[in-house]
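Values in this document were obtained by computation on a predicted structure and should not be read as measured data. All chains are named by letter (A, B, ...) in the order of the sequence lines, taking the proteins before the strands, and each is independently numbered beginning at 1.
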2 protein chains.
Amino acid sequence: MAGTPRKKPIKSAPAPRAADSVNRVYAAIQRMAVNFEFRPEQRINEVELAATLGVSRTPVREALNRLVIEGLITLVPNKGFYCRPFDAEQIISLFEVRAALERLSVELAAERASDVRIAELMDFWNGVRANRAAMDAEELTSRDEEFHIRIAAMGGNPELVRMLESINARIRFVRRIEIENPLRRTTTFDEHLAIAEALKARDRDRAVSCMSDHIGISVADAVAAMKEGLARIYMGRIAS
Amino acid sequence: MAGTPRKKPIKSAPAPRAADSVNRVYAAIQRMAVNFEFRPEQRINEVELAATLGVSRTPVREALNRLVIEGLITLVPNKGFYCRPFDAEQIISLFEVRAALERLSVELAAERASDVRIAELMDFWNGVRANRAAMDAEELTSRDEEFHIRIAAMGGNPELVRMLESINARIRFVRRIEIENPLRRTTTFDEHLAIAEALKARDRDRAVSCMSDHIGISVADAVAAMKEGLARIYMGRIAS
DNA sequence: GCATTCTGAAGTGTACACACTTTCACGGAG
DNA sequence: CTCCGTGAAAGTGTGTACACTTCAGAATGC
């Protein structure tokens with residue numbers, strides 16, 4: 001064992017391959033794009049971004065190509081990669097599609113979820129509710145998403161989960177602002193519980209209608225939230 | 001003008017940049033993956049594929065990364081890119097999601113489509129029906145998809161269209177086999193017309209129910225079609 | 001004979017090189 | 001003053017090089 005240089009000698013390792021750079025880089029850029037850390041329509045400088053992330057342009061470009069398909073980045077040939085535009089109609093479109101998928105979500109969950117999973121869902125949300133004073137909008141948005149994704153997962157349809165996650169990433173910015181509204185915040189807690197109750201009762205139609213009420217409200221407020229969102233992006237976090 | 005070498009001197013051009021390789025390569029590999037020209041779970045050799053397509057590995061890898069997000073290719077770190085598995089449960093999942101999105105499709109179309117677009121839709125499908133004798137399963141599948149995509153487009157929701165197209169690419173293989181069934185073929189023509197009629201009458205509920213019948217049937221037959229699909233992939237096109 | 005280790009080839013992951021395109025500032029002509 | 005070339009710098013698109021990983025099969029030890 002003494003003489004076998006298993007991985008590396010103690011000596012200088014010149015750059016032993018970063019191991020899975022693309023996935024790290026992908027996650028990092030995704031996070032930035034989701035949070036609009038690039039301004040809408042801003043060109044993304046590959047060299048600069050690569051330097052920031054400590055890798056070469058190759059994994060950066062591979063990650064960006066993934067994000068193009070996800071709809072978080074756009075690509076203009078011979079010009080480069082750009083941050084997605086802040087497109088109000090597109091966001092409305094995503095909310096519409098999301099509503100349809102969330103409907104499927106509760107339908108499947110009402111039919112297929114085990115009692116245990118439904119009980120866990122209620123426990124989870126009661127836990128969030130109990131801690132709500134300690135949570136900022138960021139964390140609460142995350143819990144909100146988790147609630148919906150759990151329901152989707154209970155339906156046993158992994159593709160549904162994937163698509164909802166992808167849509168959530170693209171509208172998270174708006175939803176986080178919505179959730180800052182104290183009124184909306186309160187109603188969200190009750191609406192989630194109503195959905196969970198309907199699932200527990202295996203009342204598919206009621207679950208659909210609760211979900212529909214829950215999602216439906218937000219479309220109306222979305223425009224206001226988007227306005228605020230635009231202001232945040234361009235004016236920084238100064239104005240509360 | 002005489003002295004300005006605008007693009008290239010007449011002299012040998014060593015390889016003047018293939019211009020938009022990634023998009024060409026992406027489309028090519030996508031087509032191959034959709035048609036299962038790679039066997040399920042088969043590792044995709046990058047050098048070989050690059051040579052076949054006449055480019056280097058760089059654009060090939062960028063295209064493959066896009067296809068991973070689309071769900072047509074999987075990536076195992078340090079092993080390489082693989083053809084997606086032939087997963088019956090996943091295909092069922094996709095059919096379920098598709099049904100939910102097609103429902104949204106007709107709902108939106110019934111509300112928002114112009115009379116002209118609806119009339120064009122009927123003309124389009126009557127035209128297909130008239131030519132049906134001259135069409136093979138491949139072409140008919142394409143027209144079938146176009147019918148559904150037109151409805152989605154009429155609803156004015158581009159994201160819905162995108163997602164349906166993405167799902168269609170992943171289940172096209174199964175649907176093409178379904179359409180080969182002469183019985184199914186006949187019913188499809190009538191069902192499409194019934195949907196179009198309901199849209200023309202602006203009868204949203206009837207449109208939903210027609211669409212639901214139309215899609216619902218296929219889930220039941222999907223398993224049989226998948227069996228046949230597996231045989232095709234592994235035994236070639238010999239056995240009809 | 002069987003398990004284990006070694007070894008080389010094949011292939012992926014990433015950095016880098018270089019040609020081409022775009023962009024922008026500058027300067028001259030109208 | 002505006003408008004159009006012009007040229008250089010910046011930046012993208014793709015080919016290539018090379019280190020590392022994996023895998024299969026031979027060689028070795030028991």
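Scanning for side chain to side chain contact (heavy atoms under 4.5 Å, CB included) contacts around A/R175 gives A/F95, A/R98, A/D144, A/E145, A/H148, A/N168, A/I171, A/E178, with sequence neighbours left out. When the side-chain hydrogen bond (donor to acceptor under 3.5 Å, both in side chains) test is applied to A/D123, no partner is found at least two apart in sequence or on another chain.
The separation between A/N65 atom CG and C/dT14 atom C1' is 16 Å, rounded to whole Å. At whole-Å resolution of the value, CG in B/L75 and P in C/dG13 are 6 Å apart. Rounded to whole Å, the distance from CG on A/L64 to C1' on C/dT14 is 16 Å. The distance between atom NZ of A/K79 and atom C1' of D/dG11, rounded to the nearest whole Å, is 12 Å. Atom CZ of A/R61 and atom P of D/dT16 are 17 Å apart (whole Å). In this structure, the OH atom of A/Y82 is 10 Å from the C1' atom of D/dG11, given to the nearest Å. Following rounding to the nearest Å, A/E62 (CD) and C/dA15 (P) show an atom-to-atom distance of 10 Å. Regarding A/I73, its CD1 atom lies at a distance of 13 Å from the P atom of D/dT12, rounded to whole Å.
If you check distances only, the side chain of A/R57 does reach the base of D/dG13 with a donor-acceptor pair under 3.5 Å. Checked by distance alone, B/S21 brings no side-chain donor or acceptor within 3.5 Å of a matching partner on the base of D/dG13.
In this pair, A/F173 and A/F86 present their aromatic rings perpendicular. The plane angle is above 60°, beyond the 30 to 60° band.
The side chain of B/V55 sits closest to D/dG15 out of D/dT22, D/dG13, D/dG15. Which of C/dT14, D/dT21, D/dT12 sits closest to the side chain of B/N78 comes down to D/dT21.
Ion pairing of B/R66 with B/E62 is absent here, as no side-chain N (NZ or NE/NH1/NH2) approaches a carboxylate O to less than 4.0 Å. B/E180 has no carboxylate O lying under 4.0 Å from a charged side-chain N of B/R176, or vice versa, which leaves the two without a salt bridge.
Between B/L140 and B/V128, the closest side-chain pair of non-hydrogen atoms falls below 4.5 Å.
Within the 4.0 Å cut-off from OP1 or OP2 of D/dT14, not a single side-chain nitrogen or oxygen of B/T58 is found.
Of the residues in residues 38-46 of chain B, those placing a heavy atom less than 4.0 Å from an atom of DNA chain C are B/R43, B/I44, B/N45, B/E46, in numerical order.
For the 3.5 Å distance criterion, the side chains of B/N35 and B/R232 fail to qualify, holding no donor opposite an acceptor.
Along DNA chain C, the nucleotide nearest B/E48 and the nucleotide nearest A/P59 are compared for position; the residue whose nucleotide lies closer to the 5' end is B/E48.
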